J.: 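Mind having a look at this structure? Questions to follow.
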Amino acid sequence: MSHASQISLTFPDGARRDYTAGVTAAEVAASIAPGLAKRAISATVNGAHYDLQWPITADASIAIHTMADDTQALELIRHDLAHIMARAVQEIWPEVKVTIGPVRDQGWFYDFDRAEPFTPEDLGAIEARMKQIINARDPVRTEVWDRARALAYYEERGEPFKIELINRIPEGEDLRMYWHGAWQDLCRGPHLQHTGQVPADAFKLTHVAGAYWLGDATRPMLQRIYGLAFKNREDLKAHLTMLEEAAKRDHRKLGREMDLFHLQDEAPGMVFWHPNGWQIWRTLEDYMRGRLRTAGYKEIRTPQVVDRILWEKSGHWEAYRENMFIVEVDEEGAKEKRINALKPMNCPCHVQVFNQGLKSYRDLPLRLAEFGSCHRYESSGSMHGLMRVRGFTQDDAHIFCTEDQIGSECESFIRLLASVYKHLGFDGFEIKFSTRPDVRIGSDETWDKVEGMLEAAVKAAGVPYEVDPGEGAFYGPKLDFKLTDAIGRKWQCGTFQVDPNLPTRLGAEYVAEDGAKHRPYMLHRAILGSFERFIGILIENYAGKLPFWLAPRQVVVASIVSDADPFVHEIVGALRKAGVRAEADVRNEKINYKVREHSLGKVPVLLAIGMKEVEDRSVSVRRLGDARTETMSFDAALAEFGFAALPPSD
RNA sequence: GCUGCAGUAGCUCAGUGGUAGAGCGCGUCCUUGGUAAGGACGAGGUCGGGAGUUCAAUCCUCCCCUGCAGCACCA
């Protein structure tokens, strides 16, 4: 076909070299240095990641990767492992149908269609077979096939999922077929040169779980096998250790150990708070109440059970009924049952408060806050400890304002949120700015205006944000705030949404300077999101070791000998008077036992009191996580812990 | 909601077609011990709920509930 024309490749250091068109990255690497040729694994050409064998036909920028490039190396290793696993599965069970197997965080998965479930023993067998395939150092080859050939091939093999995939690939696009030894799979690549390049001791099949074909709940349920893979054994071990650490932080486990809360069958998704857990809640609520008061919010309280008439007006009955707890009541003398619903959100009730009496523009912005208890019928499979529940309380507020107040309200909200997160131990958070979705209400003009205001406000707050196009609510754009916890997980907690819709539906209006009635904007906003979930996040973030001011039991004063008991009680009394949550431990146990028990109970400070302390009116201080002890005077202890018990302030 | 797995003492878990065990915890007693488990004795279970098979079910079968891992959902 084409005669040998020259192309020019630009390297990361800016150097250019000329090659014959159709040159492969492997050949390019060889032309630079034999050592590089040997170590090369793939190449990035014009920003896209390719195999070494892929021909380069035009001028391009190129970077040759070796195993030293973590991002590319891990992608290739994990991607090849997906194929190797699928091959191993089909070698063991030829009747199993293959589907897709992408790379994901820390590893990969592959979805299979098989009548019998995979067992843990099966995973072991698959893993063993995978190691054989790796050790065989089978070459990885690729070919471009035309559609008809690929369809015929999979038709013959009886692979309906692959056929569907091919039919979903746009006409005219190349179909690439990859061989790992004699086994082949439709794949866009890239891959390593041979299976032996995959480290045989740095992967592990972890578990199997159901997953819908193409993520669609109406399609067949497949079996997804998950694997973890790294460049070497040490990295794998480190990751497994990290997973163990994360499991130790599980708030469900810590919640039991620290006696914070429980859940039981009779009330799925509803939390029974124990004294220790409820103490955390109240500390957090009091703190938030203080922050909201200074920020100019008014706290209100609205009903739990509200007639369906209001939900019909607000649109919830139509759009959200599936998720609502319905309460039917036989009213005296009534022909029909009265239908109520437990409120799933607070906004309609807040509009009712706004609507009482005539509001003037002088009342705006009106910030109505409620620690609003809501109930949502979440699907059974989605509940998870405190993180996803059916009964929860939001730190909710709705700001009724004019259009030109949106910007400044947003800005001060972001400042408040950042300060609260910082106080609660989360330094980092990210902002997602979600813009107009395809399906929406309101004019493009309004959207332009409101989006512009929101964006300007985020910019003014001086915090980085990402635009998430089309992800806004149907009624308006929003900001979502995701904080990062101590082990790098992200949690979406805060939100700020502009809503010109609900005030219209529920008839909110105010009298403006012109004497006419106008529609206010309504801003939905939350900082913590839900108390339940946020407390779960706090527990996991701190691995149960809450900072002093949040800890349910802050100080335990433990006697070493019972002759010290009167002084112990005196200390506890004085600490409580100073605002410290203190408890006495005068049980007939040795001090070793008490130290162990309260350390496991995550009490920040233990004061041990023996006769020495009684004699010079001092305390022996032992702080959580520190085996050293320190002696200080009774008065010094009172001053220190009384101060430490105060909530943080700027 | 879907797929798979699970539910035995307060907790963690073992176990068996003939109505059950350990450790921790709990109670009582002894012990007053100086910074991560002192000792002895004791109490405690309708083996998640219902139905079926069986002479007999905690164990086998079916249904339900709840939980766990994912998937889907999260206006």
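Protein chains get the first letters and strands the later ones, always in sequence-line order, with residue 1 at the start of each. Since the model is a prediction, treat every value here as computed from it, not as a measurement.
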J.: Which letter, B, S or -, goes with each nucleotide of nucleotides 25-30 of chain B from 5' to 3', with contact meaning a protein heavy atom under 4.0 Å?
T.: SS---B
J.: Using a cut-off of strictly less than 4.0 Å between a heavy atom of the residue and any atom of RNA chain B, enumerate the qualifying residues of residues 95-107 of chain A by number.
T.: none
J.: I'd like a list of close polar pairs between nucleotides 11-14 of chain B and the protein, N/O only, cut-off under 3.5 Å.
T.:
unit_1 : atom_1 : unit_2  : atom_2 : d
C11(B) : O3'    : R256(A) : NE     : 3.4
U12(B) : OP1    : R256(A) : NH2    : 3.1

J.: Is there a donor and acceptor pair, one atom on the side chain of R388(A) and one on the base of C73(B), closer than 3.5 Å?
T.: yes
J.: So, under a plain 3.5 Å distance rule, would you say the side chain of Q223(A) forms a donor-acceptor pair with the base of G70(B)?
T.: no
J.: Check RNA chain B for consecutive Watson-Crick or G-U pairs with both distances under 3.5 Å and list the runs of at least three as stems.
T.: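 So far as stems of 3 or more pairs are concerned, RNA chain B shows B:1-7 with B:65-71, B:10-13 with B:21-24, B:26-30 with B:38-42, B:48-52 with B:60-64.
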J.: Mind checking if R622(A) touches a base, just sugar-phosphate, or nothing, with heavy atoms under 4.0 Å?
T.: base
J.: Would you classify R252(A) as touching base, sugar-phosphate or nothing, given that sugar-phosphate means primed atoms plus P, OP1 and OP2, and contacts are heavy atoms under 4.0 Å?
T.: sugar-phosphate
J.: Which part of the nucleic acid, if any, lies within reach of A608(A) when heavy atoms closer than 4.0 Å are counted: base, sugar-phosphate only, or nothing?
T.: base
J.: R224(A) side chain N/O closer than 4.0 Å to the phosphate oxygens (OP1, OP2) of A69(B)?
T.: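 For A69(B), neither OP1 nor OP2 has a side-chain N or O of R224(A) closer than 4.0 Å.
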J.: Quick check on RNA chain B: between R628(A) and S562(A), whose nearest nucleotide comes earlier from the 5' end?
T.: S562(A)
J.: Mind checking F118(A) for me? I need base, sugar-phosphate or nothing, with any heavy atom below 4.0 Å counting as a touch.
T.: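 It contacts nothing in the nucleic acid.
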J.: List in numerical order all residues of residues 209-220 of chain A for which some heavy atom is under 4.0 Å away from an atom belonging to RNA chain B.
T.: A209(A), G210(A), A211(A), Y212(A), G215(A), A217(A)
J.: Taking side-chain contact (heavy atoms from CB on, under 4.5 Å) as the criterion, tell me which of P503(A), C349(A), P520(A) meets it with F354(A).
T.: P520(A)
J.: List every contact pair, protein side and nucleotides 62-66 of chain B side both N or O, where the distance is under 3.5 Å.
T.:
unit_1 : atom_1 : unit_2  : atom_2 : d
U66(B) : O2'    : D265(A) : OD1    : 2.6

